[in-house]
Amino acid sequence: MLKRSLAAALAVCMMVVMLTACGKDSDAGDTTSTVSDTTSTVSTGMVESNVENNESGTPTENNSTAQTGSKQTGGGKTSSTKSQTPQNVRLKVWGYSNDNALLSAKKDFEKANSNVKLQVTTPAEYTVAQLQMNIAANTQPDIVMLDHVYITSLGRSGSLLDLNKYGASSVKSKFISSCWKAVTSGNQVFGLPHDGNTIALMYNKDMLNKTGMKAPTDYTSLVKVGKAMSSTSPGKTPYTSPFFDTSGQGRLNWSAFVYFFWLWRCGGEILSNDLSKAAFNSQAGIDALTMLTDLVKKERICEGGSYKEAQFYNGDVGMIEMGNWSIPQMLKEDRNANFGVTLLPKLKNNVPQYSGLGLFAMGVTAKTKYPQQAADFVKYYCTNDEYQLAYAKQNNQLPCTNNALNNSYYSNDIWKVYKTQYGLSKYRPGVSGWDQIEAEIANAVNAAVQNTKSPKSALDAAAAKVNKILAQNK
C-alpha cells in the first residue's frame with residue numbers, strides 16, 4: 001500500500017502497485033508512533049540499470065568518514081580488524097536508479113570502505129514474487145528495498161536476515177516508534193525503515209466554504225458536511241472512496257487499506273495478536289464497514305461504483321482520504337479549486353483518529369556472502385538524516401528518523417497535519433500470503449458496498465478464507 005512510481009500512484013497502498021504494498025508484531029501493544037504535534041485544520045516499466053556514480057541532486061559529500069551534512073547518524077567502517085575484513089566485497093542492491101540519496105550513500109560508503117563496491121540495480125520485475133524466484137535460483141541481491149509487509153514476512157520465513165545480529169538494536173532510538181515496530185517480530189529486526197507516508201482528509205475548500213461549515217472532525221460531521229455540499233454544489237460529488245472494479249492487485253491493496261483505517265478508528269484489528277487468524281470480522285470491523293456502506297446507500301454522499309480521485313483534483317469532489325505524496329496535486333498552479341487538509345474524522349469515542357502507515361524498508365537477504373558489510377550499509381544509509389531528507393523531499397514522503405522528521409521542512413501547515421497523522425498511523429501485519437489476504441478483504445468491502453452481501457456476512461466469508469491462507473502459510 002506501498003516509490004518511486006508509488007509516490008505518484010494511488011496510495012500508500014498504491015505504493016504497493018509496484019511491490020504490491022501499511023503490520024504488527026506478535027507481541028505488539030501500542031502500534032502507533034510517538035510523534036506528537038499540534039492538531040490542525042488547514043487550507044491549503046522499469047529496466048535494469050547498474051549505477052556506479054551519480055552526483056546530481058545528492059546530499060553534500062563531506063569527508064573520509066563519509067559524513068553528510070551537519071549530522072552523521074549512519075555507520076562508518078565495520079568494526080572488524082584489517083586481517084578479518086574481506087577484500088573485494090561486491091554487494092548488489094535492489095533499489096531505484098533515480099534515487100539520488102541512495103546513489104550518494106553508495107558513493108560515500110565506498111569511499112569510507114575501500115574494500116566494498118555496491119551495484120544499484122532496478123530489476124525489470126520489481127516484485128516480491130520475482131525476489132523469491134531469484135532467491136531460489138541463487139541470483140538474489142544482497143540488499144533489497146521493499147514495503148515493510150514483505151520485509152517482515154520474508155524475514156519470518158528466513159529469506160531475510162535478523163539485523164539484530166549485526167547491530168541493528170543500537171539504532172532503535174533513532175527511528176519513529178511505529179516505523180521500527182513495523183519491521184520487527186518479537187526481538188527480531190528484519191529491516192531498517194527508509195521512508196514513510198500516511199493518509200489524511202483532503203477537502204475542497206471552495207465547496208466547504210459554500211456550506212458555511214468547518215472541515216469534519218467525526219463521522220456525524222462528515223455526513224453533515226457531505227449533505228450540505230450536495231445542496232450547495234449541485235452536480236458535484238461530496239465524498240469519494242475507492243469502491244470500484246477490483247481487478248488488479250494494486251486496486252485491491254488500496255481498497256483494503258482504506259478499510260483498515262476505518263477499522264482501526266472503530267477500535268478493531270486486522271488479525272489476532274498472534275497473527276494466526278482473522279480479527280477484522282469483529283463487531284468493530286462490522287461497524288466500520290457499515291459506516292462506509294452507509295455513506296453510499298443511506299447518506300448518499302458517496303458513489304459506490306466509481307472512485308473519483310482525478311475529479312477531486314479537478315475541483316469536482318468535496319472530500320477524499322489521500323496521502324502526502326499527493327500534496328503537489330493540491331498546490332499545482334493550474335488547479336481549479338483551493339484545497340485544505342485535516343486529520344481523519346474520529347469514528348468512535350476514546351479511539352484515536354488512526355490512519356495507515358505506508359513504509360518502505362531495507363533488508364539483507366539471508367544468502368548474502370557478506371552479511372556484516374551488507375548490514376553495515378543498510379545501517380549507514382537508513383540512519384542518516386541527510387539521506388532520509390534528500391529522498392523524502394524529492395518524493396513528498398516522510399522520513400523515518402526522529403531528527404529528520406523534526407526538520408523545518410515539515411513545519412508548514414500542510415506538513416504539520418500529515419506529521420500529526422503520521423504519529424497516529426498503524427501498520428499492516430507482515431505475514432505470508434498478504435496479497436491474497438488483502439484481496440479477500442477488498443472483495444468483502446466491495447460486496448457490501450454493492451449490496452450483494454451484508455457487512456457481517458461479507459466479512460465473515462472473507463475471514464474464513466483468510467484463516468485458510470494463514471494456515472497454509474504457517
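All values below come from the heavy atoms of this structure, side chains included, with hydrogens, waters and symmetry mates left out. Please read these numbers as outputs of a predicted model, since none were measured by experiment.
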Go through the side-chain N and O atoms of D435 and Y150 and say whether any donor and acceptor fall under 3.5 Å apart.
yes

Mind checking side-chain hydrogen bond (donor to acceptor under 3.5 Å, both in side chains) for K367 and listing every partner two or more places apart, or none if nothing turns up?
N138

Is it the case that E321 and W262 place a side-chain donor and acceptor less than 3.5 Å from each other?
yes

Cation-pi check, K205 to F339: give yes when NZ or CZ is under 6.0 Å from the six-membered ring centre and within 45° of the ring axis, no otherwise.
no

Whether the side chain of T152 engages the backbone of A182 through a donor-acceptor N/O pair (distance < 3.5 Å, no angle test) should be reported.
yes

Assess, by modelled atom type and distance only, whether the side chains of N314 and K308 contain a donor and an acceptor separated by less than 3.5 Å.
no

Flag yes if more than 12 heavy atoms outside D334 fall under 6.0 Å of its CG atom; otherwise flag no.
yes

Where the side chain of T368 meets the backbone of Y370, is there a donor-acceptor pair that is under 3.5 Å apart?
yes

Which label fits F377 and F109: parallel for a plane angle under 30°, tilted from 30 to 60°, or perpendicular past 60°?
perpendicular

Look up atom NZ in K369 and atom CG in L91, then write down how far apart they are to the nearest 0.5 Å.
11.5 Å

Quick test of your reading of the model: are R251 and E309 salt-bridged, counting only N-O distances below 4.0 Å?
no

Tell me, yes or no, whether the heavy-atom count around K172 atom NZ, taken from other residues, nucleotides or ligands under 6.0 Å, exceeds 12.
no

Does R90 reach the main-chain N or O of L118 with its side chain, forming a donor-acceptor pair under 3.5 Å?
no

I'd like to check D108 versus K111 (side-chain heavy atoms, cut-off strictly below 4.5 Å). Are they in contact?
no

Using the test side-chain hydrogen bond (donor to acceptor under 3.5 Å, both in side chains), find all partners of N324 that sit at least two apart in sequence or belong to another chain.
none

For residues N384 and Q388, is any side-chain donor paired with an opposing acceptor at under 3.5 Å?
no

Give a yes or no answer on whether the side chain of N403 reaches the backbone of K174 with a donor-acceptor pair at less than 3.5 Å.
no

Please state whether the rings of W434 and F260 are parallel, tilted or perpendicular, taking 30° and 60° as the class boundaries.
tilted

Start with the C-alpha distance between F280 and Y259, add both sets of side-chain angles, then the distance that settles ring pair (Phe, Tyr, Trp, His ring centres under 6.0 Å), and finish with yes or no.
CA-CA 10 Å; F280 56 82; Y259 169 69; 7.1 Å; no

Checking N197 against Y422: is there a side-chain donor and acceptor pair closer than 3.5 Å?
no

Is there a donor-acceptor pair under 3.5 Å between the side chain of T121 and the backbone N or O of W94?
no

Compute the ring centroids of F261 and F257, then answer whether they are less than 6.0 Å apart.
yes

N473 versus S432, side-chain donor and acceptor atoms under 3.5 Å:
no

When you compare the side chain of P399 with that of D195, does any pair of heavy atoms fall below 4.5 Å?
no

Do N115 and Q87 get their side chains close enough for a donor-acceptor pair, meaning under 3.5 Å?
no

Looking at side-chain heavy atoms only, is the closest gap between V183 and P193 below 4.5 Å?
yes

Consider only side-chain N and O atoms of S255 and Y307, and report whether a donor and an acceptor are under 3.5 Å apart.
no

Full working for ring pair (Phe, Tyr, Trp, His ring centres under 6.0 Å) between H194 and Y381
CA-CA 8 Å; H194 175 259; Y381 179 46; 5.0 Å; yes

Carefully, step by step, assess W415 and Y410 under the rule ring pair (Phe, Tyr, Trp, His ring centres under 6.0 Å).
CA-CA 5 Å; W415 279 115; Y410 295 101; 4.9 Å; yes

Side chain proximity check, V378 to I143, heavy atoms < 4.5 angstrom:
yes

Is atom NZ of K393 surrounded by more than 12 heavy atoms (other residues, nucleotides or ligands) closer than 6.0 Å?
yes

Do Y126 and Q130 meet the criterion of a side-chain donor-acceptor pair at a distance under 3.5 Å?
no

